Protein chains: 2
Amino acid sequence: MPNNHFKKGELYSFITGKASTAIARRLQKKFNTAGLNLTIEQWSVLYHLWKEDGKSQQELCNSTFRDKPSITRLVDNLEKLKLVKRVSSAEDRRINKIYLTPEANTLQERTMHLAEETLNEALQSVPPAQIEVCKAVLQIVYDNLT
Amino acid sequence: MPNNHFKKGELYSFITGKASTAIARRLQKKFNTAGLNLTIEQWSVLYHLWKEDGKSQQELCNSTFRDKPSITRLVDNLEKLKLVKRVSSAEDRRINKIYLTPEANTLQERTMHLAEETLNEALQSVPPAQIEVCKAVLQIVYDNLT
DNA sequence: GGCATATAGTTAGATAAACAACTATATAAA
DNA sequence: TTTATATAGTTGTTTATCTAACTATATGCC
């Protein structure tokens, strides 16, 4: 069965992801207002380190769906902000393990709260069942393309 | 009724829009493979001009959800590629109207075909009814945040 | 041991996005 | 008519993405 369910006018916003862009912009504004000098992309790296500290850059590539140069530069900037520290692995000297600093840990609670707040604003008046459908569809889309 | 339906692990991918990123990357690869020297962002501007030629930069801002500096630079690059032309409006000299060149028009059919192909690949095995739900949810998200 | 190959990370160059500050033109109010 | 204000677009700065080319280390095979 064909899946030609996108008329031309709808195709655009699906491809360009205007919903996720809007969510990211709103969250960035909240960070700025709260005086947090942190980009969403930097936060997304911290997010995965809060789940498991000491990940390698390659593991961060996989978790965040970014390529290696992108992670190199995000880690560069996070190091400048003194939020993470590169530690060369003793077993395999090709590997950098990335560790959170105490400063980074003070950001976890505040930023996660703002992220949850943003999602609740975004999903206002959307029935829970539809949210589940949407999450499932977006996961299939991702799996279909990777 | 609260909308706290995102556990922490799911929150991330919704915010960062990994599905739309994957779609954009796939489409970009198709452009590159087809020898089209065109970014997805540039294509998104052409897309709106194909719907209505001669839009002002401000109108392109609204259509593409970008700010003015972004459109200024996208139009700069599209002009370098000789795909559009800025024409100062006679009635209001603050306004630039953006017109497609014949070269741009030769790209329409090919690129739209690749975009539809990409979406069909992305939505493989997703029931049409769920696609509709997903589109509706993403629209509400966008409206809630803008 | 020595060589091919794979993997981890970096660097360089181009394009793009967000924000702030700016120029130029148009409109409205005094 | 002059002055204030709003609108359209540009420029500069920082951060991020992608591709390609690169360095360094590890692994596997002869």
Side-chain angles (χ1 to χ4, degrees), chain A residues 16-18 20-33 36-45 54-81 83-84 86-98, chain B residues 16-18 20-33 35-45 54-62 64-81 83-84 86-98:
Chain A
T16 54
K18 74 178 178 180
S20 56
T21 305
I23 292 175
R25 280 204 269 243
R26 171 68 61 96
L27 181 55
Q28 183 70 66
K29 285 227 169 85
K30 282 181 192 290
F31 281 5
N32 296 344
T33 303
L36 300 170
N37 180 25
L38 194 67
T39 68
I40 300 305
E41 292 80 7
Q42 290 164 357
W43 171 79
S44 79
V45 172
K55 282 188 166 180
S56 72
Q57 293 189 199
Q58 183 58 55
E59 286 169 326
L60 287 173
C61 291
N62 301 335
S63 308
T64 64
F65 318 111
R66 292 184 172 87
D67 64 3
K68 286 193 287 188
S70 299
I71 290 296
T72 291
R73 264 137 194 165
L74 281 172
V75 172
D76 285 348
N77 286 332
L78 285 168
E79 259 193 334
K80 275 185 216 155
L81 293 170
L83 294 174
V84 305
R86 280 183 171 93
V87 177
S88 188
S89 164
E91 304 90 57
D92 185 337
R93 290 193 305 166
R94 294 171 301 179
I95 294 177
N96 288 337
K97 301 210 167 194
I98 312 301
Chain B
T16 54
K18 73 178 179 179
S20 57
T21 305
I23 292 175
R25 280 204 269 243
R26 171 68 60 96
L27 181 55
Q28 182 70 65
K29 284 226 169 86
K30 281 181 192 289
F31 281 6
N32 296 344
T33 303
L36 299 170
N37 180 26
L38 194 66
T39 68
I40 301 304
E41 292 81 6
Q42 290 164 358
W43 171 78
S44 80
V45 172
K55 281 187 166 180
S56 72
Q57 293 188 198
Q58 183 57 55
E59 287 169 326
L60 287 173
C61 292
N62 301 336
T64 64
F65 318 111
R66 291 185 173 86
D67 65 1
K68 288 193 285 187
S70 297
I71 289 296
T72 292
R73 270 140 189 164
L74 281 172
V75 172
D76 285 348
N77 286 332
L78 284 168
E79 260 193 331
K80 276 186 217 156
L81 294 170
L83 294 175
V84 304
R86 280 182 171 91
V87 177
S88 189
S89 164
E91 304 91 58
D92 186 337
R93 290 193 305 167
R94 293 172 301 181
I95 295 178
N96 288 337
K97 302 211 165 191
I98 311 301

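Because the structure is a prediction, the values reported are computed rather than measured. In what follows, chains carry the letters A, B, and so on, assigned in the order in which the sequence lines appear, proteins first and then strands, with residues in each chain numbered from 1.
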Handout entry: side chain to side chain contact (heavy atoms under 4.5 Å, CB included) between L27(A) and W43(A), intermediate numbers included
Key = CA-CA 10 Å; L27(A) 181 55; W43(A) 171 79; 4.2 Å; yes
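- In the interface, the side chain of R73(B) is not paired with the base of dA14(C) through any donor and acceptor atom under 3.5 Å apart.
- Here the side chain of N32(A) is nearest to one of dA16(C), dT10(C), dC19(C), namely dC19(C).
- The listed nucleotides are dT10(D), dC18(D), dG9(C); the one nearest the side chain of S70(A) is dC18(D).
- Contact annotation: Q42(B) side-chain N/O to dA16(C) OP1/OP2 distance is under 4.0 Å.
- K29(B) and N32(B) are not linked by any side-chain donor-acceptor pair at a separation below 3.5 angstrom, with hydrogens and angles left out of the test.
- Nucleic acid contact for T39(A): sugar-phosphate only, since backbone atoms but no base atoms lie under 4.0 Å from a heavy atom of the residue.
- If you find the closest nucleotide of DNA chain D to D67(A) and to R86(B), the one lying nearer the 5' end belongs to R86(B).
- Residues F31(B) and Q42(B) form no side-chain contact, since every pair of their non-hydrogen atoms from C-beta on lies 4.5 Å or further apart.
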Practice task
Before giving the answer on salt bridge (charged side-chain N to carboxylate O under 4.0 Å, His left out), spell out for D76(A) and R86(A) the whole-Å C-alpha distance, their side-chain angles and the decisive distance to 0.1 Å.
Solution key: CA-CA 9 Å; D76(A) 285 348; R86(A) 280 183 171 93; 3.0 Å; yes
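- Residue order along DNA chain D, read from the 5' end via each residue's closest nucleotide, puts I71(A) first among R94(A) and I71(A).
- Heavy-atom distances to DNA chain C give each of F65(B) and K80(B) a nearest nucleotide, and the one nearer the 5′ end belongs to K80(B).
- Nearest-nucleotide assignment on DNA chain C puts the 5′-proximal partner with D76(A), out of D92(B) and D76(A).
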